[in-house]
2 protein chains.
Amino acid sequence: MERSGGLSPEQELALLKTRKKVIEAIGNNMDLYGITPSTGHLYGLLFFQNKPMTLDEMRQAMEMSKTSMSTGVRTLVDLKMVNKVWEKGSRKDLYEVEHDWYQTFADFFSIKWRKASEINLHALRKSRFELLSLAEQYAGDEELEQQVQIDLAKIDEAIRYYQWLIRLIETLESQEIFKLVPKDNG
Amino acid sequence: MERSGGLSPEQELALLKTRKKVIEAIGNNMDLYGITPSTGHLYGLLFFQNKPMTLDEMRQAMEMSKTSMSTGVRTLVDLKMVNKVWEKGSRKDLYEVEHDWYQTFADFFSIKWRKASEINLHALRKSRFELLSLAEQYAGDEELEQQVQIDLAKIDEAIRYYQWLIRLIETLESQEIFKLVPKDNG
DNA sequence: CAGTACATACAGTTATTTCTGTACAAAGTA
DNA sequence: TACTTTGTACAGAAATAACTGTATGTACTG
């Protein structure tokens, strides 16, 4: 953790203690983003850092291997929770958190949920096609048609749901969500 | 998997094959809900079941222990993705999926994200109070006040974000979201 | 009141994930 | 070009999570 220059030991301790509790609270809930506790902790560390951080600084602060820092920070960058920044004169890679948490939330859905939705939608549509073909192939077979109908109804409803979910995600991506649910409570 | 009565072996095979692909696609993305692949698979199995299922039937279909079925289905019930249903005459517990996926989605956020948001909000507010106390205690100390101010700005922005997130979740809980992002594309 | 059927707590085992140290590739420096 | 410095691939070790079988408690049944 960054030393806060010019403070007395007690002051610094008090500040660090307060930060630590917030870092832990946030880190504990990071499983919702599908990241490990230690990567969550790394995120918390970066959150209170007031300047970009190198892998070696992270390693030192987290008391972990550089490899772990590398993989952890890569996960965070992939999720756009952390940004790689350039600073001339430094050969080391520098990272800092994305402080716009609304954006972080939107990006997370755009990256993870949208992808999953599209994969599922694809599988559902393919399955839908196969069921229709099957019904056609055995046209007239009462028993089969009934079974196909049951599955088809479920699949159609699922398709409808994913289409809605993707629309919801799109309102996040386009920032339109803030018109519907404003940032300021009013 | 439920045998579909009255179908020829080829017909049944074709139907099961189609189902299987959907189950796998869905199950693979279930990590977004924080459940294991096997619990996700169990969910998929229940999805295509046309009647409530007992633990023993699940065990047989999944080729796993009854204990695993018990814990898996409990996870799904806790997330309200699966409902326990009663049927007179049966001493066994029966379970069926919640087929309203919009509801499932809303419940998931209400259960997991809301809880996490409230915990974090609490930690942030507590920290906010502590920082203000600290600044008061050392009133006049330029250096400290500046540091406190930096942390406080981050914390206030985070609080604002979580308040927004909770409002968003509330629009899901109240179904109001469907006024903002309608189920039917139009 | 036994006796049976059922779900789950618990402890041990197996499987998976996370973490580390070493080795190496890429890019900068002299 | 040789020499650093830096980030990451990889394989093995350590830690964690998932799965199973047995044991137990509870609630029906006769």
Side-chain angles (χ1 to χ4, degrees), chain A residues 23-24 27-46 49 51-79 81-97 112, chain B residues 23-24 27-46 49 51-79 81-97 112:
Chain A
I23 290 175
E24 271 167 19
N28 283 339
N29 300 121
M30 278 295 180
D31 61 310
L32 289 178
Y33 288 86
I35 66 181
T36 64
S38 73
T39 303
H41 194 144
L42 175 60
Y43 177 82
L45 172 70
L46 287 165
Q49 216 61 23
K51 53 173 178 44
M53 217 173 179
T54 68
L55 289 180
D56 284 307
E57 287 166 345
M58 294 177 207
R59 188 190 51 66
Q60 199 169 2
M62 297 277 293
E63 296 181 340
M64 287 178 73
S65 73
K66 198 173 175 182
T67 304
S68 293
M69 296 303 97
S70 178
T71 55
V73 93
R74 173 203 282 263
T75 302
L76 294 170
V77 167
D78 287 347
L79 285 172
M81 298 174 81
V82 162
N83 299 313
K84 198 171 182 172
V85 293
W86 274 270
E87 215 169 71
K88 72 170 179 182
S90 173
R91 279 166 62 185
K92 303 192 183 202
D93 294 352
L94 292 160
Y95 301 92
E96 69 181 356
V97 289
K112 290 271 200 176
Chain B
I23 290 175
E24 272 167 18
N28 283 340
N29 300 121
M30 278 295 180
D31 61 308
L32 289 178
Y33 288 87
I35 66 181
T36 64
S38 72
T39 303
H41 194 146
L42 175 61
Y43 178 81
L45 172 71
L46 287 166
Q49 217 61 25
K51 53 174 178 43
M53 216 174 179
T54 67
L55 289 181
D56 284 305
E57 288 166 345
M58 295 176 207
R59 187 189 52 67
Q60 200 171 358
M62 297 277 292
E63 295 181 340
M64 287 179 73
S65 72
K66 199 173 174 180
T67 303
S68 293
M69 297 302 97
S70 177
T71 55
V73 93
R74 175 205 282 264
T75 303
L76 294 170
V77 168
D78 287 347
L79 285 172
M81 299 174 81
V82 162
N83 299 312
K84 198 172 183 171
V85 293
W86 274 270
E87 215 168 71
K88 73 172 178 183
S90 172
R91 278 167 64 185
K92 305 192 182 199
D93 293 351
L94 292 159
Y95 300 92
E96 67 181 357
V97 289
K112 290 271 200 177

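Excluded from the calculations below are hydrogen atoms, water molecules and symmetry mates; all remaining heavy atoms, backbone and side chain alike, are included. Convention: sequence-line order gives letters A, B, ...; per-chain numbering from 1. Worth saying up front: this structure is predicted, and the values here are computed from it rather than measured.
- When side chains are defined from C-beta on, K112(A) counts as touching L79(A), because their heavy atoms get closer than 4.5 Å.
- Over its length, the helix from dC1(C)-dG30(D) to dA30(C)-dT1(D) turns its helix axis by 20°, as judged from the five terminal pairs at each end, rounded to 10°.
- Side-chain contact between V77(B) and Y95(B) is present, with heavy atoms from C-beta onward closer than 4.5 Å.
- The salt bridge (Lys or Arg N to Asp or Glu O under 4.0 Å) contacts involving residues 59-74 of chain B comprise D56(B)-R59(B), D56(B)-K66(B), where partners must be two or more places apart or lie in separate chains.
- With hydrogens and angles ignored, the 3.5 Å screen pairs no side-chain donor or acceptor of S90(A) with any backbone N or O of W86(A).
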Restricting both atoms to N or O, compile the protein contacts to nucleotides 19-23 of chain D shorter than 3.5 Å, with distance only.
residue, atom, partner, partner atom, Å
dC19(D), OP1, S38(B), OG, 2.8
dC19(D), OP2, S38(B), OG, 3.0
dT20(D), OP2, S65(B), N, 2.9
dT20(D), OP2, S65(B), OG, 2.9
dT20(D), OP2, S68(B), OG, 2.7
dG21(D), O6, T67(B), OG1, 3.0

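- Taking 4.5 Å as the limit, some side-chain heavy atom of V73(B) sits within range of a side-chain heavy atom of V82(B).
- In this structure, the CH2 atom of W86(B) is 17 Å from the P atom of dC6(C), given to the nearest Å.
- M62(A) has its side chain within reach of L45(A): a pair of non-hydrogen atoms, C-beta onward, lies under 4.5 Å apart.
- Of the side-chain N and O atoms in S70(A), one or more sit less than 4.0 angstrom from OP1 or OP2 of dT8(D).
- In terms of the side chain to side chain donor-acceptor pair (under 3.5 Å) criterion, residue partners of S65(B) (sequence neighbours excluded) are, by chain and number, S68(B).
- At whole-Å resolution of the value, CG in L42(A) and C1' in dC19(C) are 14 Å apart.
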Tabulate below the donor-acceptor pairs under 3.5 Å that side-chain atoms of residues 29-42 of chain A make, not counting sequence neighbours, or state none.
residue, atom, partner, partner atom, Å
T36(A), OG1, T39(A), N, 3.3
T36(A), OG1, T39(A), OG1, 3.0

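- Per the geometry, CZ belonging to R74(B) stands 15 Å off P belonging to dA18(D), to the nearest Å.
- Here the side chains of Q49(B) and V97(B) are not in contact, with every heavy-atom distance at 4.5 Å or above.
- Considering only heavy atoms from C-beta on, M53(A) stays 4.5 Å or farther from L94(A) through its side chain.
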When you compare the protein's N or O atoms with those of nucleotides 25-30 of chain C, which come within less than 3.5 Å of each other, and at what distance?
none

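- Using modelled atom types, one side-chain atom of E57(B) and one backbone atom of T54(B) make a donor-acceptor pair closer than 3.5 Å.
- Note: CG (D93(A)) to C1' (dG7(D)) measures 7 Å, nearest angstrom.
- If you measure from atom CG of D31(B) to atom P of dA18(D), you get 12 Å, rounded to the nearest angstrom.
- As rounded to whole Å, 5 Å separates atom P of dA7(C) from atom CG of L55(B).
- Across the protein-nucleic acid pair, K84(A) atom NZ and dT8(D) atom C1' stand 11 Å apart, rounded to whole Å.
- dT18(C) atom P lies 17 Å from atom NE2 of H41(A), rounded to whole Å.
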